[in-house]
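Input: a single structure, listed below in structure tokens.
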Amino acid sequence: MLSRRTFIKSALATNVALLATPSQALQHVLTGSEEIPLLVFADEHSLNSKHFISNVAERKSNIDLDIGQHFELLREFCKESPRGQVSGLTRDSDFFALEQIAKDFGFYTQYSATHHYSGNTLTHEVSSSKDSAELITSSLKNAKDQWPQWLANHMRVLPRGNSQLVTKKTQITLANTDQHDFLVSWSLSSNKHI
Amino acid sequence: MTKPLPQGITLGQLNAAVAEIEKVVGKDYVYLDDVKELRSYRDPYNTTDDADFAPSAAVAPQNVEQIQKILAIVNNYKIPVWTISTGKNFAYGGPAPRKPGYIVLDLKLMNKILEVNEKHGYAIVEPGVSYYDLYNYIQEKGLKLWIDCAAPAWGGIVGNTSEHGAGYTPYGDHLLMQCGMQVVLADGTIVETGMDTTANSKTGGLYKYGQGAAIDGLFTQSNFGVITRMGIWLMPEPPGYTPFMITLENEHDLETVTDLSLPLRVNQVIHNAPMTVDLLWESAMSVSRSQYYTGKGPMPDSHRKKMAKDLDLGIWNYYGAVYGPGPMMKNNMDVIRDTFGSIPGAKFHYDDTRKGDPGWDYRVKLMKGTPNMTEFSLLNWIGGGGHINFSPISAADGKSAMRQYEMIRKRSHEYGFDYIGEFLIGWRDQHHIFMLMFDRMSAEEKKRAHDLFAILVDDAAALGYGEYRTHLSFMDQIAGTFSWNDNALWDTHHALKDELDPNGILSPGKQGIWPKNLRGNS
Ligand SMILES: Cc1cc2nc3c(=O)[nH]c(=O)nc-3n(C[C@H](O)[C@H](O)[C@H](O)COP(=O)(O)OP(=O)(O)OC[C@H]3O[C@@H](n4cnc5c(N)ncnc54)[C@H](O)[C@@H]3O)c2cc1C
């Protein structure tokens, strides 16, 4: 079975578009990493975020305006699952706050990306490990307006580990969108347990 | 990545000191990884280069003895430490140190609530105790006490009070409510202030001043010691609470509402610090800027007016509350309604009509000390929002308020930023908070925000205004504006610094107070 890391590397080497479709290899990876406990947050006010969370099967939490109400859940999770992963598609301010809380448990950002609608343009800016940033950026682009679903399906293959982050950006034009969302997708895990 | 080092210190010296510190606290409580661990001791809202405030390491001691040992080690190597308690000082520098290479002394693990006295209404806490912690403790024990918290409740009593922070109940002036502290000096001496200096003291949480000079204030917004314990007065839960909001239609209503407020505030008709909040601050709780305006520069008036109408908000929005038995609240509310009802277009709002509105809901929580984090939503006004607060003090006087507002708005528009701000009437003054919000992903915008802030400091000083607190980047500049009589005050700070911390190891540069070896370099 492919490990998550091997998968990212091999996908990069072969076909970047691979991740945008539910390929056979991806299924392998998903099964391969299923033991990692995952907690997922989503902003309940944004349509994209709702779309995202509806595709997530794991333990999840919808965030309203007061991010403070979710601190206890996050703390419990980090305490109970030091090898776990916390991910989300949220407002920027919510990511900011959750990231600060998680750091007390040794959980740090291994991946984050902003998703910004302006006029007909959707911009994804990905900050991730060197071997995955390009791959994720292209996959988000290929997923077009289904990018929240792509993210939901790939939460478990997002990078973990202690590597320097690099930034990649892509823009796509979408027809008939009147969205103003500025969302951030992100993933935190503990580098001590990789 | 090269390790940031304090001025004059080699990597070898730093490593040697860190190895000794690890022996004191254990390796798990020393953070060295620049990429992961230390990134969380940076300030994401900084307007300059990230490296300007990058620590070399962080250490989390668990008790006073460990602090004493750490201070002995860094004294030996002359390596500066930067003390934080809960470390959430965002808008003013977050957990980051004043200069690169300092070791962050993070007191988060010293988080015991040592005493809560219901009868006399006080708590004694360690530095790592957050507002949430104290609130939860009080709830669990069913005590009839309220806390008073800063808008983001993840900060804590010691850190916030150290910064002269403010909250929204009648106990909102935190330093005024502080009673007694324990401090570790740079040489490891432990000092108690106030009544706790007497043997078997029974009154440490009751009377602030003790005997002799009251020195508690010396350890706030300064670098003369490490506060390891603090007493704070807590408000007894009142029999009733009536929050209210008044929407005001015109820009110049700020003048009238401020003038009308002062007598009500100083005579305790309004019990807490009333707030006059501008339209954008209020709107940002529920909408984003791009929903109303996608152009560059400040939002035009026509768009602002449309937003005000849609959201049923004023150009200014005034919040306050009264507390106590029903008849007393009714009496006070009658006076308040009569007073502000005289402003043309003023509209009163209460829970029955406003509940469910995000701006109202979180203010109602804050004015009764219910911890929350809702105000962070403001940062979504623009995508990737970061901010630093420009916080001048004005008189609680209409003309002064207008003068400050117009000065800041004009400058912020000139630099292409929205004015987002609020006034908070303290006991005689107003804290004016201008939330200078920028896209923290944009280097150009950060630079512009930085330049604007610097010019505002000078503009305010020219009009006779100083700031109550500031971001790391502007501490020296602002210290320079408190310069009366040939810098007599800062000379006094420096004399104390040299006496209490001759090696300059405690938070050098905090609020513009530098040890001898670093003065003139800043
Ligand atoms: C959206 C937003 C809203 C805000 N609203 C408010 C508000 O309503 N009121 C308000 O006051 N602030 C507000 N702030 C600013 C800030 O977030 C709070 O003041 C916060 O409480 C400060 O962080 P802290 O309590 O964790 O203190 P810390 O970060 O732990 O400490 C702050 C500073 O105090 C000094 N210090 C800390 N501990 C010690 C010690 N043990 N010994 C000696 N010196 C010490 C250090 O210089 C340190 O940098 C707001 C910020 C944001 C982003």
Side-chain angles (χ1 to χ4, degrees), chain A residues 43 45-46 63-72 74-75 90-110 112-119 121 123 125 127 129 160-165 167 169 178-184 188-192 194, chain B residues 1 28 31 33-41 44-45 58 60 86-88 90 94-95 106 108-109 128 130-132 136 149 152-154 284-294 358-359 361-362 365 370-386 439-441:
Chain A
D43 173 27
H45 295 281
S46 140
I63 299 175
D64 53 15
L65 287 174
D66 179 8
I67 189 62
Q69 291 184 359
H70 304 271
F71 288 173
E72 265 328 296
L74 176 60
R75 287 197 182 103
T90 63
R91 301 183 306 169
D92 184 43
S93 65
D94 297 329
F95 166 48
F96 181 88
L98 294 174
E99 185 186 32
Q100 290 293 325
I101 297 296
K103 77 160 197 215
D104 285 341
F105 299 88
F107 279 60
Y108 299 100
T109 307
Q110 324 277 349
S112 69
T114 58
H115 313 280
H116 179 201
Y117 287 87
S118 175
T121 310
T123 307
E125 191 162 345
S127 171
S129 60
R160 294 157 57 84
N162 190 4
S163 49
Q164 193 93 38
L165 305 182
T167 305
K169 189 169 171 173
D178 183 31
Q179 297 195 51
H180 301 278
D181 266 0
F182 184 101
L183 291 167
V184 189
L188 313 170
S189 50
S190 164
N191 56 325
K192 292 209 170 123
I194 303 292
Chain B
M1 184 182 168
D28 275 358
Y31 311 105
D33 184 327
D34 292 299
V35 177
K36 301 291 174 197
E37 297 174 329
L38 293 178
R39 218 169 45 166
S40 55
Y41 290 98
Y45 296 164
T86 28
K88 304 293 190 294
F90 298 107
D106 183 350
K108 67 180 178 184
L109 300 177
S130 72
Y131 288 115
Y132 277 113
N136 291 340
C149 53
W154 60 359
M285 298 308 300
S286 30
V287 295
S288 67
R289 182 182 144 102
S290 57
Q291 282 170 261
Y292 279 88
Y293 184 60
T294 49
D361 287 350
Y362 97 97
K365 283 186 186 165
T370 305
N372 68 91
M373 290 288 297
T374 313
E375 200 166 271
F376 256 88
S377 301
L378 269 174
L379 274 305
N380 302 302
W381 175 242
I382 54 172
D439 176 359
R440 65 179 206 274
M441 324 283 176

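All values below were derived from every heavy atom in this structure, side-chain atoms included, with hydrogens, water molecules and symmetry-related copies excluded. Throughout, protein chains are lettered first and strands after them, A, B, ... in sequence-line order, and every chain is numbered starting at 1. If you're wondering where the values come from, they're calculated on a predicted model, not measured in any experiment.
- Residue A:Phe95: no heavy atom, backbone or side chain, is found under 4.5 Å from chain B.
- Residue A:Asp94: no heavy atom, backbone or side chain, is found under 4.5 Å from chain B.
- Rounded to the nearest 0.5 angstrom, B:Asp439 CG and A:His116 NE2 are separated by 8.5 Å.
- The two residues B:Leu379 and A:Ser93 make their nearest non-hydrogen contact at CB-CB, 4.3 Å.
- Taking CG from B:Asp106 and CG from A:Asp104, the interatomic distance works out to 7.5 Å, rounded to the nearest 0.5 Å.
- Taking CG of A:Leu65 as the reference point, atom CZ of B:Phe376 lies at 14.5 Å (rounded to 0.5 Å).
- With rounding to the nearest 0.5 angstrom, the CD1 atom of A:Ile67 is 9.0 Å from the OG atom of B:Ser377.
- To the nearest 0.5 Å, atoms OG1 (B:Thr374) and CD (A:Gln69) are separated by 7.5 Å.
- Of all heavy-atom pairs spanning A:Ala97 and B:Met373, the tightest one is CB-CE, 4.5 Å.
- In this structure, the portion of B:Met441 lying under 4.5 Å from any heavy atom of chain A is its side chain and not its backbone.
- With a 4.5 Å cut-off on non-hydrogen atoms, B:Arg39 touches chain A through its side chain but not through its backbone.
- Between A:Phe96 and B:Phe90, the two ring planes are perpendicular [angle over 60°; tilted spans 30° to 60°].
- For B:Tyr292, no part sits under 4.5 Å from any heavy atom of chain A, backbone or side chain.
- Ring geometry, A:Phe71 versus B:Tyr132: the interplanar angle exceeds 60°, so the pair is classed perpendicular (tilted spans 30 to 60°).
- To the nearest 0.5 Å, atoms CG (A:Asp181) and OG (B:Ser290) are separated by 8.5 Å.
- Of the atoms belonging to A:Leu165, it is side-chain heavy atoms, and not backbone ones, that fall under 4.5 Å from chain B.
- Counting all heavy atoms, side chain and backbone alike, A:Asp66 lies closest to B:Asn372 at OD2-CB, 3.2 Å.
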